[in-house]
Colleague: 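Once you've had a glance at the structure underneath, I'll fire off some questions.
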Amino acid sequence: ERANAATFAHCYQAGDEAQNYVATLEVSASDGEVYVFTLGETNVPPLERVEETSSLIVTTNSDVVDAFDGEISLREAIFYAEADATLGNTITFAPSLKGQTITLTERQLEIKQGLKIDASSLYNASTQTPGITVDANGLSRVFYLNAGINEKPIELIGLRITGGRTEEDGGGVYVNSGTTTITNCAINDNEAYSGGGVYGRQENALTFTNCVINGNEATKSGGGVWGL
């Protein structure tokens, strides 16, 4: 009989171990019968997952930690910088992230050593507005900073920091210790007990340059900035 249609199908499932691969040919004949032929079966090794190369260039606005997705999130870049000194201490952003928002997933971003997060390349100098936003979405504070020193301070450059909310201090940024400089940033719409925008435990070690701090709220003191 002459075949009216033929369909090739296969089934393969990748996993931690080799899987069976089965190929079939399904033929519909003119008499209405369907004939199925098994063409072959073989054992196929699992697909290999390739770990991404550590980098301090943020390439995605997703707040994910996945060493195999080939993309670098801000959270991952902070981890890589603190884990491998050979990478340097300056985190930058891919041009494709200009105008994007990094929405945090329930956890603040913690920096535990001297580190620069530099979004200068995305900054709009003509309007003096940051080119990328870090938004805690009301689920946590945005940044917790600790242990910058004079020779190697923590620096935040060209960021909009927003959506931080905590019943403790420092909704947008909490500076626990060390030297911190914040430049060309907008810090707004954050909430905390004290220091809705920024809370600094060492006022002489906290420096702002060309920043806009507005629309923040505090239950006790310092809606914008509070320093001890």
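By convention here, the first residue in the shown sequence is residue 1. On a predicted model such as this, the values are computed, not experimentally measured, just so you know.
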Colleague: Could you walk me through whether Phe143 and Leu159 pass the side chain to side chain contact (heavy atoms under 4.5 Å, CB included) test, one step at a time?
Modeller: CA-CA 12 Å; Phe143 285 102; Leu159 305 172; 4.1 Å; yes
Colleague: Considering all heavy atoms of both residues, which atom of Ala81 and which atom of Gln113 are nearest to each other, and what is their separation?
Modeller: O-NE2, 3.5 Å
Colleague: Linking I/L/V/M/F/W/Y whenever any side-chain heavy atoms sit under 4.5 Å apart, do Val142 and Ile132 land together?
Modeller: yes
Colleague: Can you check whether Ala125's main-chain N or O pairs, donor with acceptor, with Gln128's side chain at less than 3.5 Å?
Modeller: no
Colleague: Could you check whether any side-chain N or O of Arg160 sits under 3.5 Å from a backbone N or O of Pro130, counting only pairs where one atom can act as donor and the other as acceptor?
Modeller: no
Colleague: Whether the side chain of Asn61 engages the backbone of Thr101 through a donor-acceptor N/O pair (distance < 3.5 Å, no angle test) should be reported.
Modeller: yes
Colleague: Any side-chain heavy atom of Ile182 sitting closer than 4.5 Å to one from Ile187?
Modeller: yes
Colleague: Quick one: does any side-chain atom of Asn190 pair with a main-chain N or O of Gly164 as donor and acceptor, under 3.5 Å?
Modeller: yes
Colleague: Would you check if the side chain of Ser55 reaches a backbone N or O of Ile57 as a donor-acceptor pair within less than 3.5 Å?
Modeller: yes
Colleague: If you compare all heavy atoms of Ala218 against all heavy atoms of Gly196, which two are closest, and at what distance to 0.1 Å?
Modeller: CB-N, 4.0 Å
Colleague: Looking only at heavy atoms, which two atoms of Ser73 and Val64 are closest? And how far apart?
Modeller: OG-O, 2.6 Å
Colleague: Just verifying a value: how many Å separate Glu167 CD and Glu191 CD, rounded to the nearest 0.5 Å?
Modeller: 11.0 Å
Colleague: Main chain of Lys112, side chain of Glu82: is a donor-acceptor contact present, judged purely on distance under 3.5 Å?
Modeller: yes
Colleague: Whether the Thr129 and Thr127 side chains hold a donor-acceptor pair (N or O, under 3.5 Å, no angle test) is what I'd like checked.
Modeller: yes
Colleague: Do Asn137 and Arg165 pair up side chain to side chain, a donor and an acceptor below 3.5 Å, judged on atom types alone?
Modeller: no
Colleague: Do we see a donor-acceptor contact under 3.5 Å between the side chains of Tyr174 and Glu110?
Modeller: no
Colleague: Could you check if a side-chain atom of Phe79 sits within less than 4.5 angstrom of a side-chain atom of Asp84, using non-hydrogen atoms only?
Modeller: no
Colleague: Taking all heavy atoms of Arg141 and all of Asp169, pick out the closest pair and write down the distance.
Modeller: NH2-O, 2.6 Å
Colleague: Answer whether the closest heavy-atom distance between the side chains of Leu109 and Ile78 falls below 4.5 Å.
Modeller: yes
Colleague: Nearest 0.5 angstrom please: Leu115 CG to Ile154 CD1, how far?
Modeller: 7.0 Å
Colleague: State, with a plain yes or no, whether a side-chain heavy atom of Arg107 is found less than 4.5 Å away from one of Ser140.
Modeller: no
Colleague: Might you work through the side chain to side chain donor-acceptor pair (under 3.5 Å) test for Ser120 and Asp118, ending with a clear yes or no?
Modeller: CA-CA 6 Å; Ser120 296; Asp118 188 356; 2.5 Å; yes
Colleague: Is there side-chain contact between Cys185 and Cys211, with at least one heavy-atom pair below 4.5 Å?
Modeller: yes
Colleague: Has the side chain of Glu155 got a donor or acceptor atom that lies under 3.5 Å from a matching backbone atom of Ile117?
Modeller: no
Colleague: Assess whether side chain to side chain contact (heavy atoms under 4.5 Å, CB included) is satisfied between Ser194 and Ser221, documenting all intermediate values.
Modeller: CA-CA 5 Å; Ser194 291; Ser221 305; 4.2 Å; yes
Colleague: Answer whether the closest heavy-atom distance between the side chains of Thr181 and Thr209 falls below 4.5 Å.
Modeller: no
Colleague: For the residue pair Asn124 / Ser126, report whether a side-chain donor-acceptor contact shorter than 3.5 Å exists.
Modeller: yes
Colleague: Answer yes if Val212 and Leu206 sit in the same cluster of Ile, Leu, Val, Met, Phe, Trp and Tyr residues linked by side chain heavy atoms under 4.5 Å apart, and no otherwise.
Modeller: no
Colleague: More than 12 heavy atoms of other residues, nucleotides or ligands under 6.0 Å from CZ of Phe208: yes or no?
Modeller: yes
Colleague: Report, as yes or no, whether the 6.0 Å neighbourhood of atom OH on Tyr144 holds more than 12 heavy atoms from other residues, nucleotides or ligands.
Modeller: yes
Colleague: Under the side chain to side chain contact (heavy atoms under 4.5 Å, CB included) criterion, do Glu51 and Phe68 qualify, and how do the steps go?
Modeller: CA-CA 5 Å; Glu51 188 169 354; Phe68 297 94; 3.8 Å; yes
Colleague: Spell out, as yes or no, whether a donor-acceptor pair under 3.5 Å connects the side chain of Thr133 to the backbone of Asp135.
Modeller: no
Colleague: Side chains of Thr105 and Asp63 only: does a donor on one sit below 3.5 Å from an acceptor on the other?
Modeller: yes
Colleague: Using a 3.5 Å distance criterion without hydrogens, assess whether the side chain of Asn216 forms a donor-acceptor pair with backbone atoms of Asp189.
Modeller: yes
Colleague: Output the distance between atom OG (Ser121) and atom NZ (Lys98), rounded to the nearest 0.5 Å.
Modeller: 8.5 Å
Colleague: OH/Tyr80 to CD/Glu52 distance, rounded to the nearest 0.5 angstrom?
Modeller: 3.5 Å
Colleague: Working to the nearest 0.5 angstrom, can you tell me the gap between Thr162 OG1 and Asn188 CG?
Modeller: 4.5 Å
Colleague: Linking I/L/V/M/F/W/Y whenever their side-chain heavy atoms sit closer than 4.5 Å, directly or via other members, would Ile157 and Val198 fall into one cluster?
Modeller: no
Colleague: Evaluate Leu156 against Leu145 for side chain to side chain contact (heavy atoms under 4.5 Å, CB included), listing each step before the verdict.
Modeller: CA-CA 10 Å; Leu156 304 179; Leu145 311 181; 4.2 Å; yes
Colleague: Would you say Thr59's side chain and Ile72's backbone share a donor-acceptor pair under 3.5 angstrom?
Modeller: yes
Colleague: Check the hydrophobic clustering (I, L, V, M, F, W, Y; side-chain heavy atoms under 4.5 Å; chains of links allowed) and say if Ile91 and Tyr123 are grouped together.
Modeller: no
Colleague: Calculate, to the nearest 0.5 Å, the distance between atoms CG and CG belonging to Leu139 and Leu104 respectively.
Modeller: 8.5 Å
Colleague: Taking all non-hydrogen atoms of both residues into account, name the closest pair between Gly171 and Ala192 and its distance.
Modeller: N-CB, 3.3 Å
